[in-house]
Amino acid sequence: MDIPPDVPDTGADLDALEEDIRDWWATQNEDWGAGDDDPIEDGGLWGGMPEIDSKAVARTASIWEDHLDLDFDPSLIQEGGYESIDELINDLIPRLADKAAQKAD
Amino acid sequence: MPVSPHPVVDCLRKLLPKATVKGGTFSSSLPDPRNLSPDERRTLIEKERDSAVSKVLRELLAPVGVDPPLNRNTGGHRKWPKGYTGSVTHKGTVVLAALARKHDVESLGIDVELDEGNDMELAHVMRNDESFPASGCAQNLISFSAKEAVYKAYYPITNQEIGFSDVRIISKSSSNSYWQGIAQCPESIQMEVSSIRRGDWVISAAQYFSRSQISRNMFD
């Protein structure tokens with residue numbers, strides 16, 4: 001992500017934050033569909049396909065909190081989740097960085 | 001894209017006796033995802049999910065003479081027909097939608113989640129002054145699902161976003177697979193919230209009743 005110029009400087013390494021979020025997403029997708037006997041009926045594999053829904057994003061709370069030193073606010077998660085990890089990063093990093101900067105003021 | 005029956009639909013009907021519930025799974029027509037690239041899988045499931053949600057909403061809204069899509073307000077939330085409250089949720093290939101008359105329930109919210117065995121990271125969702133009829137991941141998942149439903153029911157009546165720590169849930173009763181509680185929210189708003197566990201699925205509903213509705217419900 002190219003950090004937009006209006007994202008406040010929180011003292012945090014936003015590039016490292018982005019990398020950790022991307023690593024988390026890569027881990028979610030690592031073992032999906034790896035087994036030859038993974039069920040496909042009744043939506044088995046499709047049903048278990050990693051999604052960037054509100055639950056998944058809520059599970060990243062500790063990553064945001066570690067980097068930005070704030071309590072993760074789930075109300076900031078876009079309704080309906082995100083279509084891609086890029087969309088999540090481009091939406092949440094500026095907004096949470098802004099919250100962190102406000103907290104520091 | 002057909003939407004086939006799924007057990008979670010009946011679970012939600014039990015949680016919302018005053019609402020119309022529609023939904024199901026759109027998995028039957030999907031190909032083996034392992035034959036697709038990650039981008040193809042994601043594009044396909046999003047396209048088919050949108051189509052399934054539209055189909056379910058069409059069934060739900062037909063009796064009230066409204067066609068989807070529904071407009072959304074500035075917060076991105078659906079605007080339900082005048083005199084009605086509703087909610088939509090989906091997980092994987094399962095979509096659910098509920099609609100009720102505001103005469104019967106002022107606002108409702110629904111949520112469906114799948115226990116994927118990885119919900120220890122949701123522990124922060126629970127407040128220290130809460131407890132749920134489970135432990136570990138299962139407790140975290142019920143807490144998360146219940147609060148998601150509360151959030152969806154809360155926004156239409158206040159136009160305010162709230163976080164997990166803003167809602168305190170007090171458990172009232174529970175059995176093997178059914179749990180019921182009261183959600184205490186900001187602005188002194190209280191809601192009834194309940195969940196059913198069906199296999200790996202957790203289905204939750206939150207309902208906000210006005211004072212006159214509460215009185216009426218007492219004598220039903």
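Every chain is numbered from 1, with letters handed out A, B, ... down the list of sequences. Every heavy atom of this structure was used, including side-chain atoms; hydrogens, water molecules and symmetry mates were not. Since we're looking at a predicted model, the values are computed, not measured.
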Which atoms of K91(B) come close to chain A, meaning under 4.5 Å heavy atom to heavy atom: side chain ones, backbone ones, both, or neither?
both
Cut-off 4.5 Å, heavy atoms of chain A, and the answer for L114(B) is both
Would you mind checking which part of S62(A) comes under 4.5 Å of any heavy atom in chain B, side chain (CB onward), backbone (N, CA, C, O), both or neither?
neither
On the 0 to 90° scale, with breaks at 30° and 60°, tag the F72(A)-H124(B) ring pair as parallel, tilted or perpendicular.
perpendicular
For chain A, the option from E161(B), H90(B), H77(B) that forms the most heavy-atom pairs under 4.5 Å:
H77(B)
Would you give the length of the straight line joining atom CD1 of I169(B) to atom CZ of F132(B), rounded to the nearest 0.5 angstrom?
4.0 Å
Judged by modelled atom types alone, do D111(B) and S145(B) share a side-chain donor-acceptor pair under 3.5 Å?
yes
Can the ring centres of F164(B) and Y151(B) be said to be less than 6.0 Å apart?
no
